[in-house]
Amino acid sequence: MSEKIIMLGNEAIARGAYEAGVKVSSAYPGTPSTEISENLVKYDNVYVEWAPNEKVALEVAFGASLSGVRSLCCMKHVGLNVASDPLYTFSYTGVNGGCVIVVADDPGLASSQNEQDTRMICRSAHIPCIEPSDSNEAKEFIKFAFELSEKYDTPVILRTTTKLSHSQGIVLLNDRVEVEDKTYERNLSKYVMMPASAISRHVVVENRDNAISNDASSFSINKIEEGSKKIGFITSGIAYQYVKEVCPEASVLKLGIVNPLPKKLIEDFVKSVDEVYVFEELEPVIEEQILSWGLKVKGKNLFTKQGEYSANMLKKVLFGKDDRVFDKEQTPNRPPILCPGCPHRSVFSVLNKLKIHATGDIGCYTLGAVAPLSVIDTTLCMGASISSLHGLEKAKGKEYIKNWVAVIGDSTFLHTGVNSLINMVYNNGTGTVIILDNRTTGMTGHQEHAGTGKTLNGQEAYAIDLSNLCHAIGVKNVVTVDSFDILELEKQLKIAQNSNELTVIIAKAPCALLKGQVFPYKCVTINDKCKKCGMCLKIGCPALTKNEDGTISINIAMCNGCGLCKSYCKFNAIEKVEK
């Protein structure tokens with residue numbers, strides 16, 4: 001096969017893994033990495049799954065590698081934190097079949113709670129890190145990563161970013177190569193990381209770092225593009241594209257491997273050019289190492305550590321000009337908002353009415369922090385809402401948390417919230433936990449999880465019953481309510497808040513955007529009944545607008561007919577009608 005097609009970076013990564021002969025892939029969905037698994041599952045001869053979290057996903061990939069096949073694991077940058085426990089020791093054990101971990105960083109915080117540079121974790125964990133700069137390289141580099149993994153007996157991280165993951169490029173397709181499975185041989189000193197074994201494996205890791213660093217200067221994924229000797233750039237990934245756009249005449253050392261660095265290649269390049277800039281997003285990972293070698297380069301003294309880079313940023317620093325067609329600061333702000341018909345809005349409206357604070361979690365429901373709902377007080381990491389509520393109670397007592405709850409989504413609860421709830425039970429915690437069960441992993445695009453009853457490839461699976469699970473770990477008070485039944489929800493919240501026991505309320509209603517979700521109704525206004533009180537606007541539904549005369553209009557095209565606005569109208573000025 002020798003066909004050229006246009007692919008997203010994530011599609012190309014999936015294609016490259018398929019062509020490389022991958023047999024097992026495990027991941028947890030996280031923007032901007034999600035589409036890799038969603039595309040890889042379309043290919044034959046590859047087992048692809050959603051795991052409950054990234055730690056489990058990496059352990060599955062380790063097990064597959066141990067058996068002798070090529071395995072893949074995908075996640076976003078904060079997911080690597082969850083997977084760091086097996087990651088650091090996986091570096092010691094090495095591989096049998098090749099194993100590649102794809103990690104998507106998010107410069108600019110398009111959909112994340114922090115900016116973090118995976119290259120720094122690679123340095124700390126002593127794991128090779130390679131970085132493509134376009135879709136075709138993404139496909140080819142992942143194949144190179146598997147070869148690197150098996151040659152040097154190491155897991156390899158392929159680092160991508162939001163811009164690369166979601167931009168398109170021309171990709172040359174090749175046939176899949178079926179790689180012969182490696183034979184598994186029992187080897188306690190290699191795979192059982194007791195202290196005595198780990199001590200000797202640490203030496204192996206250091207020797208491996210040195211070997212890769214020495215060999216990297218001749219790796220095909222690194223290349224020097226000779227140009228003007230007056231100015232040169234050392235760069236990698238998507239930043240390379242900006243360099244080529246702004247300074248096509250410059251000499252460029254384009255690094256495909258960013259850990260460990262090819263020291264000799266870099267030294268030779270720096271000596272061949274009068275002035276060298278290191279152009280890298282986020283942390284000065286490359287720059288600081290080069291400076292430590294006594295070489296003179298410019299970098300973060302000119303360029304920021306924050307956000308996504310751009311061609312305009314480079315132009316402004318080098319030439320003092322900015323060719324942007326529009327000014328971002330002058331464009332209308334379009335903040336994210338919960339969708340019309342979202343069951344989270346209903347729950348938050350009740351919490352807002354009761355003036356209850358909420359420790360929050362990672363998901364669409366984080367939007368409950370902003371006006372007009374203004375309920376969420378904290379967002380830290382996956383599963384932290386329940387642990388944070390427990391900390392509040394242990395610090396301030398039961399009475400203090402009478403007006404607090406923890407809110408967490410169903411997918412996030414199964415990711416790491418279960419552990420936090422076990423901790424509350426075990427340590428005699430009190431408080432109210434609300435599981436927002438919308439039957440999907442909503443924020444990343446409606447992926448299945450262990451509670452939905454389907455696997456990544458659509459096969460029927462056992463759906464974990466959240467109520468039974470909570471009972472099984474020792475929660476005595478578990479109540480399931482319809483998210484849109486605001487009267488029952490308010491009743492159960494008051495009961496829970498006035499008790500001195502741990503209560504879990506499962507607020508259940510499907511995500512409004514789920515495929516196959518049918519809304520038989522629309523909501524319409526009856527203006528002659530409207531008293532212009534604005535109660536319906538307090539729920540913050542984008543389908544509702546206030547007219548010049550103070551009455552309310554409902555955008556029929558946007559309305560999903562959930563009826564929440566009708567529930568808050570005391571004058572029957574809103575009614576539900578069949579489509």
Separation of Asp485 CG from Leu489 CG (nearest 0.5 Å): 8.0 Å
Ile552 backbone acceptor or donor facing Thr525 side chain under 3.5 Å: yes
Distance under 6.0 Å and angle within 45° of ring axis: Lys576 vs Tyr521: yes
Exercise: identify the closest heavy-atom pair between Asp361 and Thr412: OD1-CG2, 3.3 Å
Cationic N near anionic O, under 4.0 Å, Lys476 to Glu501: no
Backbone N/O of Ala406 and side chain of Ser385: donor-acceptor pair under 3.5 Å: no
Donor on one side chain, acceptor on other, Ser411 and Tyr28, under 3.5 Å: yes
Atom NZ of Lys508 with >12 non-hydrogen neighbours under 6.0 angstrom: no
Pair His77-Asp106, side-chain donor/acceptor within less than 3.5 Å: no
Sidechain-backbone polar pair: Thr430 side chain, Asn500 backbone, donor-acceptor under 3.5 Å: no
Derivation and outcome, side chain to side chain donor-acceptor pair (under 3.5 Å), residues Ser349 and Tyr568: CA-CA 10 Å; Ser349 70; Tyr568 280 95; 2.7 Å; yes
Test log, rule side-chain contact (heavy atoms from CB on, under 4.5 Å), inputs Ile101 and Leu158: CA-CA 6 Å; Ile101 306 155; Leu158 183 134; over 6 Å; no
Spatial distance of atom OG (Ser37) from atom CH2 (Trp50) [nearest 0.5 Å]: 4.0 Å
Whether Tyr43 and Tyr18 hold their rings parallel, tilted or perpendicular, with breakpoints at 30° and 60°: parallel
Minimum side-chain heavy-atom gap Ile526-Glu575 below 4.5 Å: yes
Met558, CE: over 12 other non-hydrogen atoms inside 6.0 angstrom: yes
Non-hydrogen side-chain atoms of Asp105 and Asp117 separated by less than 4.5 Å: yes
Student check: side-chain heavy atoms of Lys570 and Lys531 closer than 4.5 Å: no
Test item: Ser84 side-chain N/O and Asn81 main-chain N/O as donor-acceptor pair under 3.5 Å: yes
Sequence-distant partners of Glu49, salt bridge (charged side-chain N to carboxylate O under 4.0 Å, His left out), two or more places apart: none
Residue of the set Ser111, Ser112, Ser33 for which side-chain hydrogen bond (donor to acceptor under 3.5 Å, both in side chains) holds with Lys76: Ser112
Main-chain N/O of Gly540 paired with Arg345 side-chain donor or acceptor, under 3.5 Å: yes
Within-4.5 Å side-chain heavy-atom neighbours: Leu351 and Val407: yes
Aromatic ring pairing His357/Trp404, orientation class (parallel under 30°, perpendicular over 60°, tilted between): parallel
Short side-chain donor-acceptor distance under 3.5 Å, Gln447 and Glu38: yes
Shortest non-hydrogen contact between Ile127 and Leu87, atoms and distance: CD1-CD1, 3.4 Å
Sidechain-backbone polar pair: Thr503 side chain, Thr432 backbone, donor-acceptor under 3.5 Å: no
Min side-chain heavy-atom separation Leu436-Phe348 under 4.5 Å: yes
Salt bridge (Lys or Arg N to Asp or Glu O under 4.0 Å) between Arg176 and Glu19, worked out: CA-CA 4 Å; Arg176 175 177 171 89; Glu19 291 182 6; over 6 Å; no
Leu493 side chain near Lys491 side chain, heavy-atom distance below 4.5 Å: no
Test item: Arg15 side-chain N/O and Leu173 main-chain N/O as donor-acceptor pair under 3.5 Å: no
Derivation of the side chain to side chain donor-acceptor pair (under 3.5 Å) call for Ser387 and Ser420: CA-CA 5 Å; Ser387 307; Ser420 302; 2.6 Å; yes
Steps toward side-chain contact (heavy atoms from CB on, under 4.5 Å) verdict (Asn572, Ile574): CA-CA 5 Å; Asn572 297 318; Ile574 298 175; over 6 Å; no
Contact list for residues 459-473, test side chain to side chain donor-acceptor pair (under 3.5 Å), sequence neighbours left out: none
From His166 atom NE2 to Thr31 atom OG1, the distance as rounded to the nearest 0.5 Å: 6.0 Å
4.5 Å side-chain heavy-atom contact, Asp410 and Asn438: yes
Donor-acceptor under 3.5 Å (Gln517 side chain, Leu514 main chain): no
Any side-chain heavy-atom pair of Phe90 and Asp85 under 4.5 Å: no
Atom pair CG (Leu40) and CG (Asn457), whose distance is rounded to the nearest 0.5 Å: 11.5 Å
Glu308 bridged to Lys163 by N-O distance under 4.0 Å: yes
SG on Cys74 to CD on Glu35, rounded to 0.5 Å: 11.0 Å
Distance-minimising heavy-atom pair for Ser135 and Met7: OG-O, 3.0 Å
Test item: Lys394 side-chain N/O and Asn427 main-chain N/O as donor-acceptor pair under 3.5 Å: yes
Residue pair Leu456 / Val48: nearest heavy atoms and the distance that separates them: CD2-CG1, 3.3 Å
Taking every non-hydrogen atom, the tightest pair across Ala463 and Gly451: CB-O, 3.7 Å
Residues Ile356, Lys402; criterion side-chain contact (heavy atoms from CB on, under 4.5 Å); working and verdict: CA-CA 8 Å; Ile356 292 176; Lys402 291 289 187 183; over 6 Å; no
Thr89 side chain vs Pro86 backbone, donor-acceptor pair below 3.5 Å: no
CA sep, side-chain torsions, deciding dist, call: Thr441, Glu448, side-chain contact (heavy atoms from CB on, under 4.5 Å): CA-CA 6 Å; Thr441 310; Glu448 306 293 348; over 6 Å; no
Closest non-hydrogen atom pair between Cys565 and Ile554, with its separation: SG-CD1, 4.3 Å
N-O pairing of Lys494 and Glu490 below 4.0 Å: yes
CE-NE2 distance between Met424 and His390, expressed to the nearest 0.5 angstrom: 6.5 Å
